[in-house]
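For reference, the structure is listed below as structure tokens.
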Amino acid sequence: MITARDAEAWMRVAGVLAVVVLAGSMLGAPPPAAAQEPPPDSGDVRIEAGVAPGTPVPDRRPGEAFADPVIADLQRAANEVQRELGDLSARIHAARAELDQARSRLERARSERRAAEEAVAAQQREVDAFSRSVFTAMGRADEFRLLVTAANPEELLGGSSLLGRLRAEQDQRLLGALERKRRAVEAERVAVGDEQAAAARKAELDRRSGDATNRADAVSAELRDSIAAANDAVVARQKAQQQRNQKTAANWRTYLRRLADAGIQPPPAAALRDPARLPAGLRPLPGRDGRPQAGVAQIGVNGQRLLVLPRETVDAVSAAVGALGKPYVPREKGEGPVAYSCDGLTRSVFSRAGLPLPEGADRQFATGRPVPVGDAAPGDLVFVGPARYGVQSVGVVLDGRTMLAADARLAGVVVTDMPAGDSLLGVVRPALGTRAPAPVPQRAEDALTWRCGGVEVPVRQAAADEAAGAWGGYPNGLIPAAALCRIGVAAHVLRCDAAQAFQAMSQAYAATFGRPLCLTDSYRTFDAQVDLYRRKPALAAVPGTSNHGWGLAVDLCGGAESFGTPQHRWLTEHAAAFGWVNPGWARQGGGREEPWHWEYAGTI
């Protein structure tokens with residue numbers, strides 16, 4: 001190390017040498033870190049996964065969760081295909097990642113070798129400059145110049161020692177640079193070998209991609225008949241359901257017309273709660289046990305008995321009938337007016353009619369005043385089990401055989417059969433008011449979670465940063481149009497709660513940017529997913545697994561498709577307030593970056 005005393009002595013000997021030493025210290029500094037290169041382009045990034053990386057989990061719902069046995073058979077066939085393609089997709093992604101890593105290692109090795117060669121050259125230039133300036137001067141040895149310029153013996157001894165140390169430091173720097181170059185050359189040699197191995201793996205990747213494409217083509221052929229049959233089953237069921245709904249609505253209108261023709265104004269619920277004190281002209285309606293029922297009455301019209309319901313009940317049932325055909329949305333708070341859950345429907349129509357109900361089918365059952373199952377009348381609420389599933393659904397009684405409910409399997413507000421056997425948990429009459437909460441059946445710990453007639457698949461992440469996945473009684477990508485809602489952009493559709501939330505978010509976005517959100521993709525059919533996988537197996541989701549196929553995902557454009565833009569920053573800051581998220585795996589550094597891909601997680 002050069003001490004202060006050494007430096008002072010040397011400065012009096014040759015000032016120019018200090019400049020050389022300074023330059024040498026700068027040249028000997030380590031090179032700056034190389035700028036991070038963006039990952040290699042993997043192709044058309046707009047053909048994306050729309051599902052977290054890794055082997056996707058097939059739909060785990062049992063066959064009875066689907067709207068039709070034909071549809072359940074299609075889902076079983078799709079599960080087998082998804083397992084096969086999921087494994088193939090995982091191997092493709094692994095091979096691609098391995099190839100990218102090998103290329104990155106090679107590029108780093110080459111960059112280091114170039115930097116080492118430059119360091120050696122720079123060090124050699126420094127040595128040459130030092131030799132010229134220190135060891136030669138007008139043909140005389142530098143020690144002679146030191147001898148004749150030294151002011152005293154101490155300066156002479158100090159200068160000689162310093163010259164020796166400077167020579168040693170120069171030698172050490174040069175040797176260090178040469179050693180660095182040797183290591184870099186060796187690392188590059190190893191990296192070249194890795195590159196050759198990577199080239200072989202690339203060929204294997206291409207072959208696997210070809211296999212995936214061929215397999216997707218085969219999937220299309222194998223499932224073509226099953227998809228067609230399932231489509232036919234969906235259409236047939238929808239047509240039959242529509243006819244049943246229309247017949248029920250007509251029957252209800254006939255009942256209302258009979259009341260009107262008889263000049264009967266339905267009395268308020270409070271007026272019918274005591275069978276012994278009914279309004280004039282009304283008679284008690286006996287129950288199965290012969291005793292008069294509370295909350296309903298009867299009257300004779302032209303020799304026929306006409307049921308008289310409370311005004312609030314009539315209004316609630318009329319509203320429920322008016323909702324027939326509206327889409328189903330899962331989980332709580334599906335209270336319309338666009339779409340409903342089962343308990344959201346009952347809460348909405350009765351609360352608006354003046355008979356408030358709590359949220360949740362279990363709480364509606366717990367606080368409702370029960371009536372015997374045999375006495376169930378139009379406008380009563382029937383609760384569905386079995387008990388091991390807890391209170392999993394609720395419907396509005398229409399008659400002894402049918403009820404009206406927002407049904408998950410059928411993906412809409414429909415007329416369906418009354419439950420029977422152990423599936424019928426009980427009946428309550430909203431017109432009688434409420435009671436203190438009573439115990440109700442609770443789902444067994446190991447039982448499936450059923451809600452509104454369908455199985456609820458547990459969410460994949462407790463952090464609620466991606467869409468829930470499976471819902472309703474149809475497979476991914478085979479959801480009927482009647483179960484989805486338009487979002488006001490071209491023909492794009494989503495699950496109805498997601499559609500409403502998207503529209504609200506788009507309006508808020510437009511207030512900032514002067515135009516609504518730009519959209520390239522929304523609900524994606526199973527056929528479309530197969531086609532995407534056939535064209536881009538390394539990028540597209542395994543058919544039947546993408547959240548696009550559940551109507552819960554969108555791909556955005558207009559600036560929102562890139563990280564760091566004002567549009568994307570706005571979404572990052574505000575989208576969660578509307579229930580929309582850019583999933584963790586799709587964020588910057590998240591594993592498979594897709595800034596354009598957003599999912600509706602508002603119901604998780």
Exercise. Is Arg495 close enough and on-axis enough to Trp550, meaning under 6.0 Å and within 45°, for cation-pi?
Worked result: no

[X] [atom1] to [Y] [atom2] distance, which is reported to the nearest 0.5 Å:
X      : Y      : atom1 : atom2 : answer
Asn547 : Leu494 : CG    : CG    : 11.5 Å
Asp521 : Leu532 : CG    : CG    : 7.5 Å
Thr572 : Gln588 : OG1   : CD    : 9.5 Å
Ile71  : Leu478 : CD1   : CG    : 6.5 Å
Tyr523 : His548 : OH    : NE2   : 12.5 Å
His597 : Thr520 : NE2   : OG1   : 11.0 Å

Exercise. So Phe66 and Arg61, side chain to side chain contact (heavy atoms under 4.5 Å, CB included) or not? Walk me through it.
Worked result: CA-CA 8 Å; Phe66 292 91; Arg61 294 175 296 171; 3.4 Å; yes

For this session: Using only heavy-atom distances, determine whether the side chains of Asn582 and Glu599 contain a donor-acceptor pair under 3.5 Å.
Result: no

For [X] and [Y], work out which heavy atoms get closest and say how close.
X      : Y      : answer
Phe563 : Ala586 : CZ-O, 3.5 Å
Ala575 : Trp598 : CB-CZ3, 3.7 Å
Ala72  : Gly63  : CB-O, 3.7 Å
Gly469 : Leu552 : O-CD1, 3.8 Å
Val329 : Ala339 : CG1-CB, 3.6 Å
Trp596 : Glu561 : CE3-O, 3.6 Å

Exercise. Hey, mind stepping through Ser341 and Arg451 against side chain to side chain contact (heavy atoms under 4.5 Å, CB included) and telling me if it holds?
Worked result: CA-CA 9 Å; Ser341 64; Arg451 175 174 168 75; 3.6 Å; yes

Any side-chain to backbone donor/acceptor pair from [X] onto [Y]? Under 3.5 Å, distance only.
X      : Y      : result
Thr565 : Ser562 : yes
Asp497 : Gly334 : no
Gln529 : Gly544 : yes
Arg569 : Gly564 : yes

Is there side-chain contact between [X] and [Y], with at least one heavy-atom pair below 4.5 Å?
X      : Y      : result
Leu556 : Cys518 : no
Glu593 : Trp585 : no
Pro327 : Leu484 : no

For this session: Among residues two or more places apart or on two chains, list those pairs meeting ring-ring contact (aromatic ring centres under 6.0 Å, His included) that have a residue in residues 472-493.
Result: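 Every pair satisfying ring-ring contact (aromatic ring centres under 6.0 Å, His included) with a residue in residues 472-493: there are none.
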
Residues that [X] engages under salt bridge (Lys or Arg N to Asp or Glu O under 4.0 Å), provided they are two or more places apart:
X      : answer
Arg108 : none
Arg114 : Glu107
Glu179 : Arg182, Arg183
Arg486 : none

For this session: Go through the steps to decide whether Cys485 and Val338 satisfy the test side chain to side chain contact (heavy atoms under 4.5 Å, CB included), and finish with yes or no.
Result: CA-CA 8 Å; Cys485 287; Val338 175; 3.6 Å; yes

Which pairs would a plain distance check flag for residues 498-514, meaning a side-chain donor or acceptor within less than 3.5 Å of a matching protein atom at least two apart in sequence or in another chain?
{"unit_1": "Gln503", "atom_1": "NE2", "unit_2": "Ile487", "atom_2": "O", "d": "3.4"}
{"unit_1": "Ser506", "atom_1": "OG", "unit_2": "Leu517", "atom_2": "N", "d": "3.1"}
{"unit_1": "Thr512", "atom_1": "OG1", "unit_2": "Trp570", "atom_2": "NE1", "d": "3.3"}

Exercise. Between Arg105 and Asp100, is the closest basic N to carboxylate O distance under 4.0 Å?
Worked result: no

For this session: For the pair Asp555 and Arg524, evaluate salt bridge (Lys or Arg N to Asp or Glu O under 4.0 Å) and give the outcome as yes or no after the intermediate values.
Result: CA-CA 11 Å; Asp555 293 339; Arg524 189 179 294 162; 3.6 Å; yes

Exercise. Does the separation of the ring centres of His574 and Trp580 fall below 6.0 angstrom?
Worked result: no

